[in-house]
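Step one of this worksheet: look at the structure below.
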Amino acid sequence: MKEVQYVTLTQMIVDDIYFPWGAGKSGQLGGGVYAVAGQRIWDDQVGFCCLIGPDYKGYSAWFLDNDIDVAGVLCEKNCVHAQIRYFEDGEREEILLPNCGSHDEMLPRFSHLPPRYAGSKGLYFFKDLDEDYWEEAASYLAGYGGVSCWEIHGSAARAENRDRIADCLSLVDLFSLNLTEGRRITGEAEPLRVLKKLQDMHAGKVILRMGAQGALAAGDGAVWRIPVVPTDVVDVTGGGNSSTGGFLVGYCKSGGDIAYAAKCGAVSASFIISQWGVPKKLDSALRAKAENRLRNLDAVKL
């Protein structure tokens, strides 16, 4: 059985995506699959723990073709299917399709992680502040020897949750969120002030994603600005998830270099947003392109 070094623990979602100018695609692998792809760009030993429905067999070829280990727990309901509509201002609406599993029904928990994933180097999960989930997470992470990375669900990123978020941050190694979420949590507008307040809340090492403005990465007393990788943007869906997946792998491979990790995240996202869905083939040729993009990307210390 394949050895797994980098793990994604969250939902597999199938997306139908629509943009206001008429472009769109249906049946795109989404959700945690973007984080999986962000990791797989940099390493061959990637695993995905998720709940799957009987319709999963129609989507399994991508995982097999890219040698991605799937610890899927079979459920009676189909996988989560969502319709995502973007608006002119960049906001989006997600509507779950009927006759499929809901987010709650198809949410994998730490108890679903197979024992063979326990020795992995890095673990990514995407979640809000559900108390039962975090009670289980606290128990698992207390004995986990790798690097844990939490990407917060946008619905939980609110000022009234600040204390609860701080409690959760004390349990994890890396934190990922976008600027809008950071502003909502902290009440600050300026990105550096957002970062400072997050660090006061136990976010010791954090990547603050800022869309076309790149990202800020903070840790060990330093803050770095990471530019975006120049690319033609086709579909922004999954850019944040893939960036966080690359960020985690880069952090582990570099021995904790936060700037290097953030650059890996930027490169991962560049492949995702330049096409619909995830790349069909995550192979040595794509990794060579990724490494070239990484070499040409400069981080600026602030």
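Keep in mind that the numbers below use all heavy atoms, side chains included, and drop hydrogens, waters and symmetry copies. Bear in mind the structure is a predicted one, so any value in this text is a computation, not a measurement.
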Test item: L248 and C252 side chains (from C-beta on) under 4.5 Å apart, heavy atoms: yes

Contacts of type salt bridge (charged side-chain N to carboxylate O under 4.0 Å, His left out), residue D44, not counting sequence neighbours: R40, R287

Residue pairs, two or more places apart or on separate chains, that pass ring pair (Phe, Tyr, Trp, His ring centres under 6.0 Å) and touch residues 243-296: F19-W276

Residue pairs, two or more places apart or on separate chains, that pass side chain to side chain donor-acceptor pair (under 3.5 Å) and touch residues 72-84: D55-H81, K77-E105, Q83-R85

Test item: I207 and F175 side chains (from C-beta on) under 4.5 Å apart, heavy atoms: no

Set of residues satisfying side chain to side chain donor-acceptor pair (under 3.5 Å) with respect to H103, sequence neighbours excluded: Q11, E94

ring-ring contact (aromatic ring centres under 6.0 Å, His included) between Y124 and Y6, worked out: CA-CA 8 Å; Y124 162 101; Y6 299 99; over 10 Å; no

R209 and S243 side chains, donor-acceptor separation under 3.5 Å: no

Any donor-acceptor N/O pair, N292 side chain to A288 backbone, under 3.5 Å: no

Would you list the atom pairs, donor with acceptor, under 3.5 Å between side chains in residues 232-240 and any protein atom, with sequence neighbours excluded?
unit_1, atom_1, unit_2, atom_2, d
D235, OD1, T237, N, 3.1
D235, OD1, T237, OG1, 2.7
T237, OG1, Y86, OH, 2.7

Aromatic plane relationship, W150 with F125 - under 30° parallel, 30 to 60° tilted, over 60° perpendicular: parallel

Donor + acceptor pair across side chains of Y144, S120 (<3.5 Å): yes

Heavy-atom side-chain contact between V46 and L282 under 4.5 Å: no

Distance-only side-chain donor-acceptor flag, R293 / S270, under 3.5 Å: yes

M106 and I13: CA distance, side-chain angles, deciding distance, side chain to side chain contact (heavy atoms under 4.5 Å, CB included) verdict: CA-CA 9 Å; M106 305 300 283; I13 303 177; over 6 Å; no

Shortest non-hydrogen contact from C168 toward L129: SG-CD2, 3.9 Å

Sequence-distant partners of Q199, side chain to side chain donor-acceptor pair (under 3.5 Å), two or more places apart: none

